[in-house]
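Residues take their numbers from the sequence shown, with the count starting at 1.
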Amino acid sequence: MTCNPTNGVDTIVAVATPPGRGGIGIVRISGPASVAMARAILGNKPTPRHAHYGSFCGTDGVSIDNGVAIFFAAPDSYTGEDVLELHGHGSPVVLDLLVSSIVARGARLARPGEFTERAFLNDKMDLVQAEAVADLIDSGSEQAARAALRSLEGGLSSPLHAMSAELTELRVLMEAAIDFPEEELDVLGRHDLRARTAELGASLKALLVNASQGQILRDGLRVVLAGAPNAGKSSLLNALLQTDRAIVNAAPGTTRDLLEQTMHIDGMPVQVIDTAGLRDSADAVEAEGIRRAQKAMEQADRVVLVVDDTALTSLETLRQQIPATVMTVVVYNKIDISGRAPGVGVDHIALSALTLQGMDDFRTHLKQCAGYLGSDASLYSARRRHIDAIERATAHIESALGQLRAVAAVELAAEELRLAQHDLGQITGDVSSDDLLGQIFSTFCIGK
């Protein structure tokens, strides 16, 4: 039996569980042909939201697997369309056979994130919530997972929608003042437009602070450990990770390639990169390692210049090898030998990667570098594009308030509020372009 899509909407299929072997593997189908697919594969149309055990048949009528099928009728499904899920055994071979048989019946393979994209297009969630789905899947810590779940449940969307509604009301009142100029001052005063605009701006600034923390919790900090050979970069990496991740040896030049590891500080992800010691070297392999170290520094959020406190090297010589555009902090290591007191100075941190003196100060410094205030029950996941849009909207509201306070130029203020509302709409997807949607959903895994 061949199932043809209707209404110009394709029926899509993908494996929804991770690649590899497992006890259970799930194949997800969404689209108008899902009911016909169910009849062809199961022999009947399953009752919505009931688990049905049976055989999954291929196009030749031969059983491919036995398992549980669950049908979700539109609009009460993840995508808002008819959805069929086949829960079988987690063999890659079996799952591939199931997908192939479904494609042979008229479906096509889903693009990355296409199920969630359809959920967004069918008003099952807004764009912030759709992005939170990916953030929840990719979360690397308990705090990040909780923040993503709060976004998925509307933690960021709800205040944005409320602010957009307030902007609509303010714009309506301002348009009324424009249409009836003889009553302009009365409209401004009676509805207290200046105070409401100021209050909206303050709320947006507060939202920006929280969203910025959520963005840090999601994206974290990229830190490169740089310095002369034998300064203790690898020891510092091990101390941060609290494990022997890097080889430590008294011979200089032990580290020749980049060694990357992600850790978490109060839930904030920190990607730490150990690099080859900075020096002139005739050794081709070590020279390549140094070149890679310099490239890594160019891409870093922060360079940690590790210095052996027992054999001080010219800081100026080392700094010349670090890109001027990257923020740098100097770490004096081996204070257990030099006798320097641990702690944070005006332009440095003193610690011992061996005895762990000063390590808590170093971790705190890394949080401060990112502007991270620590995990909080109110944090939600946010992205750089959200922050940029909120900043633009805040600027437009500030400009509108200035117009109202200075010359009561209602026309100009109304236009600024329109632009602010447009910026907020870009976050939630009320205003979006196909290019933006393509960029967002292409980052999702296939099957979600």
Side-chain angles (χ1 to χ4, degrees), residues 221-266 268 270-281 286 289-290 293-294 296-297 300-324 326-374:
L221 190 70
R222 181 178 173 89
V223 176
V224 171
L225 306 180
N230 243 14
K233 299 183 296 298
S234 296
S235 296
L236 182 56
L237 174 67
N238 290 341
L240 278 172
L241 301 177
Q242 299 180 342
T243 185
D244 290 334
R245 177 67 176 86
I247 297 174
V248 176
N249 193 280
T254 303
T255 302
R256 295 193 168 198
D257 202 353
L258 302 182
L259 184 60
E260 303 185 22
Q261 189 71 38
T262 298
M263 58 172 290
H264 291 85
I265 302 176
D266 288 348
M268 181 187 79
V270 181
Q271 185 181 18
V272 189
I273 304 170
D274 186 18
T275 62
L278 301 176
R279 66 174 178 178
D280 293 328
S281 176
E286 186 177 7
I290 294 170
Q294 291 171 333
M297 287 189 285
D301 296 315
R302 181 74 48 151
V303 170
V304 175
L305 181 55
V306 185
V307 177
D308 183 348
D309 202 35
T310 67
L312 291 179
T313 308
S314 170
L315 280 178
E316 188 57 35
T317 301
L318 290 172
R319 286 184 184 277
Q320 289 175 358
Q321 300 182 67
I322 298 174
V326 181
M327 296 294 291
T328 303
V329 60
V330 176
V331 167
Y332 291 112
N333 188 25
K334 305 184 184 180
I335 63 170
D336 54 305
I337 301 175
S338 70
R340 188 194 294 257
V344 181
V346 176
D347 59 356
H348 70 273
I349 300 172
L351 56 79
S352 169
L354 180 62
T355 66
L356 305 185
Q357 294 173 278
M359 287 301 299
D360 286 342
D361 292 326
F362 185 45
R363 292 187 180 91
T364 299
H365 174 78
L366 292 179
K367 288 199 300 182
Q368 292 172 343
C369 287
Y372 184 57
L373 303 177

**Student:** Which residues satisfy the salt bridge (charged side-chain N to carboxylate O under 4.0 Å, His left out) test with D361, sequence neighbours excluded?
**Tutor:**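 Once residues adjacent in sequence are excluded, D361 has no partner under the salt bridge (charged side-chain N to carboxylate O under 4.0 Å, His left out) criterion.
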**Student:** Could you check whether any side-chain heavy atom of L351 comes within less than 4.5 Å of a side-chain heavy atom of N333, counting everything from C-beta outward?
**Tutor:**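 In contact.
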**Student:** How far does CG of L240 sit from CE of M263, to the nearest 0.5 angstrom?
**Tutor:**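 Output value for this atom pair is 5.0 Å.
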**Student:** Considering all heavy atoms of both residues, which atom of G227 and which atom of L318 are nearest to each other, and what is their separation?
**Tutor:**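 Closest approach of G227 to L318, heavy atoms only: C-CD2, 4.4 Å.
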**Student:** How many angstroms lie between OH in Y332 and CG in L305, if you round to the nearest 0.5 Å?
**Tutor:**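 Output value for this atom pair is 8.5 Å.
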**Student:** Would you call V306 and K233 a side-chain contact if the rule is heavy atoms closer than 4.5 Å?
**Tutor:**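 Touching, per the 4.5 Å side-chain cut-off.
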**Student:** Are the side chain of Y372 and the backbone of I265 linked by a donor-acceptor contact shorter than 3.5 Å?
**Tutor:**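 No, Y372 side chain to I265 backbone: no donor-acceptor pair under 3.5 Å.
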**Student:** So do R319 and V330 actually touch side chain to side chain, heavy atoms under 4.5 Å?
**Tutor:**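 V330 reaches R319 side chain to side chain.
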**Student:** Going by side-chain hydrogen bond (donor to acceptor under 3.5 Å, both in side chains), name the residues that satisfy it together with Q271, two or more places apart in sequence or in a different chain.
**Tutor:**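 Here the qualifying residues are R222, E260.
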**Student:** Would you say D274 and V272 make side-chain contact, with heavy atoms under 4.5 Å?
**Tutor:**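 No, too far: nothing below the 4.5 Å cut-off.
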**Student:** Closest approach of R363 and A239, non-hydrogen atoms and distance?
**Tutor:**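 Nearest pair, atom of R363 first, then A239: NH2-O, 3.2 Å.
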**Student:** Could you pull out all donor-acceptor pairs under 3.5 Å where a side-chain atom in residues 334-347 meets a protein atom, sequence neighbours excluded?
**Tutor:**
unit_1 : atom_1 : unit_2 : atom_2 : d
K334   : NZ     : N230   : O      : 2.8
K334   : NZ     : D308   : OD2    : 3.2
D336   : OD1    : S352   : OG     : 2.8
S338   : OG     : D309   : OD2    : 2.5
S338   : OG     : R340   : N      : 3.4
R340   : NE     : D309   : OD1    : 3.3
R340   : NE     : D309   : OD2    : 3.1
R340   : NH2    : D309   : OD1    : 2.9

**Student:** Any donor and acceptor pair, going by atom type alone, linking the side chain of D301 with main-chain N or O of L221 inside 3.5 Å?
**Tutor:**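 Not at all, since once roles are kept as given, no pair shorter than 3.5 Å links the two residues.
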**Student:** If I take atom CG from residue L236 and atom CG from residue L241, how far apart are they, to the nearest 0.5 angstrom?
**Tutor:**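 Atom-to-atom, L236:CG and L241:CG are 9.5 Å apart.
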**Student:** Rounded at 0.5 Å granularity, tell me how far CG in N238 sits from CD in Q261.
**Tutor:**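 Here the rounded value is 10.0 Å.
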